[in-house]
Amino acid sequence: MANPNDDRFDGMFMNLAQQVRGIDPLLETFFGFLRRKTDFFTGADDQQAMKKVMEALMKQKKFVDDDKKMAEEKKLKKAKEAAALKAKKEKKEKERLAMEAAKDKSDGVVELGSDGFDIDTVPAAAPAPSPAGTQDPPNPPQPDGGDDEEKEKEDDGEESDGEPPPAGNGGTVEGKYVWTQTLQELSLAVAVPPGTKGRDVNVIIGKSKLKISLKNGPTIVDAPLHKPIIIDDSFWTLEDGCQLQFSLSKSNQMEWWPCVCEGDPKINTQKVQPENSKLADLDGETRQTVEKMMFDQRQKAMGKPTADEQKKIDVMEKFKSQHPEMDFSKAKFT
């Protein structure tokens, strides 16, 4: 049976997909290869060829369905655990309220002894002295419930610092690049001047080092990588003549990186979100955040205002047009 997690050729297929730009062209390219270089179409009739394609398609669809089923089961299990924890807390709260109600009910009731006096006011007999050389053992300290409260907080998975997770499980290195990551790979977006050609770029991807520079231009990155990578599965492309896109395959594909290169700002890897780490798979809000970071990076590289700066400029221009009687020639805006 095929391994659903066989990703040996992901780097090659990703590079091909980026070059042909789309699922339909990718499929056409693949079947064109089968037509030109194999006997897939000529060695069997149409029914057999269609059957082979459908078998491969349905096998991969089964993997997708199994993943969905596992995700639903995991979600249901978490919901049951949360419900059980909530019921436990509610039961504990009811017991506490019942004890308080019983205590309130007993307040003001005076219990009388056989002599007619309040037994609480009768002085208790002095305890018999202990034999010489002996002492009563001290009363053991009563638990205050602090450990239980701490444990409940841990069980609830409460976060104390309130720090949001990093967008795309990566970040921005000012003046250099925007990056995201999965457990298997890192993706970097590097802004370059519009009209840049592949021959204008010098790139060295080493096992433990990355260098990116422009001919007759600045060196953008020249630093050791945080961890080793697999060179054969790592590559870069130039998109629209204004952005370099890097895909770096991690050697250890079971850990999160706090940064791409040594010396760069680090993210809190305790806050990463294992799912939806690739830009194409991010939810709408997170993807907008990452794309805005990439846009701002390109704007800065071209000496143009970022998205937030442009908003301020637009607001001020609108205000100036609404108040032509005012002189803004000496005004300074930040």
Side-chain angles (χ1 to χ4, degrees), residues 1-19 60 63-64 66-67 70-71 74 78 154 157 159 161 163-174 176-190 201-213 219-237 239 243-283 286-287 289-290 293-294 297:
M1 183 176 179
N3 179 9
N5 297 315
D6 185 1
D7 57 358
R8 292 173 297 167
F9 308 108
D10 283 1
M12 179 181 69
F13 283 123
M14 181 63 71
N15 193 13
L16 179 60
Q18 289 179 341
Q19 291 187 40
Q60 295 301 319
F63 292 148
V64 174
D66 290 344
D67 289 343
M70 289 179 63
K74 184 178 179 182
K78 289 182 69 175
E154 292 177 2
E159 298 291 349
D161 56 10
E163 179 186 349
N169 296 335
T172 300
V173 180
E174 289 295 333
K176 295 183 179 180
Y177 54 81
V178 175
W179 67 286
T180 60
Q181 67 172 319
T182 64
L183 276 174
Q184 293 77 30
E185 63 183 8
L186 302 130
S187 296
L188 281 70
V190 182
V201 182
N202 287 322
V203 174
I204 299 177
I205 300 178
K207 181 178 180 180
S208 302
K209 185 176 181 180
L210 178 65
K211 182 175 182 180
I212 309 170
S213 62
T219 297
I220 302 172
V221 178
D222 187 5
L225 293 168
H226 177 68
K227 295 280 186 178
I229 62 171
I230 304 174
I231 300 178
D232 292 341
D233 293 340
S234 302
F235 57 91
W236 65 275
T237 58
E239 297 185 357
Q243 179 174 282
L244 299 175
Q245 191 71 36
F246 286 79
S247 178
L248 307 180
S249 180
K250 299 177 182 178
S251 290
N252 183 353
Q253 301 190 344
M254 293 299 293
E255 65 179 351
W256 299 102
W257 287 24
C259 60
V260 178
C261 296
E262 291 297 327
D264 288 343
K266 294 184 177 182
I267 64 169
N268 184 357
T269 55
Q270 299 298 319
K271 294 287 185 177
V272 299
Q273 297 176 315
E275 300 173 358
N276 297 334
S277 299
K278 291 185 179 181
L279 182 59
D281 298 333
L282 296 175
D283 61 82
T286 305
R287 180 167 183 171
T289 300
V290 176
M293 292 161 58
M294 296 167 64
Q297 191 81 357

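As the structure is a computational prediction, the values presented were derived from the model and not from experiment. Numbering starts at 1 and runs along the sequence shown.
Counting only distance, with no hydrogens or angles, the side chain of Gln19 and the backbone of Leu16 share no donor-acceptor pair below 3.5 Å. Checking side-chain atoms of Lys227 against main-chain N and O of Lys250 turns up no donor-acceptor pair under 3.5 Å. Although no hydrogens or angles enter the test, the distance criterion places no donor-acceptor pair under 3.5 Å between the side chain of Gln245 and the main chain of Thr237.
Contact record, Gln181 with Trp257: NE2-O, 2.8 Å, taken as the closest heavy-atom pair. Scanning both residues, Cys261 and Val221, for their nearest heavy atoms gives SG-CG1, 4.0 Å.
Between Ile212 and Thr219 the shortest side-chain heavy-atom distance does not fall below 4.5 Å. Side chains of Lys211 and Asp222 form a contact here, defined as non-hydrogen atoms less than 4.5 Å apart. Side-chain contact between Val178 and Thr172 is present, with at least one heavy-atom pair separated by less than 4.5 Å. A heavy-atom distance below 4.5 Å is found between the side chains of Gln253 and Ile230. No side-chain heavy atom of Val173 sits less than 4.5 Å from a side-chain heavy atom of Val260.
How far OG of Ser249 is from CG of Asp232: 9.5 Å, rounded to the nearest 0.5 Å. Put simply, CD on Glu185 and OG on Ser247 are 4.0 Å apart, with the number rounded to the nearest 0.5 Å. Separating the CG atom in Asp233 from the CG atom in Asn15 is a distance of 11.0 Å, to the nearest 0.5 Å. Here the SG-CD1 distance, from Cys259 to Ile267, works out to 8.5 Å after rounding to the nearest 0.5 Å.
Qualifying side-chain hydrogen bond (donor to acceptor under 3.5 Å, both in side chains) partners for Asp264, counting only residues two or more places apart in sequence or in other chains: Tyr177. The side-chain contact (heavy atoms from CB on, under 4.5 Å) check on Ile205 picks up Val203, Leu210, Ile229, Ser234, Trp236, Phe246, Leu248, with sequence neighbours excluded.
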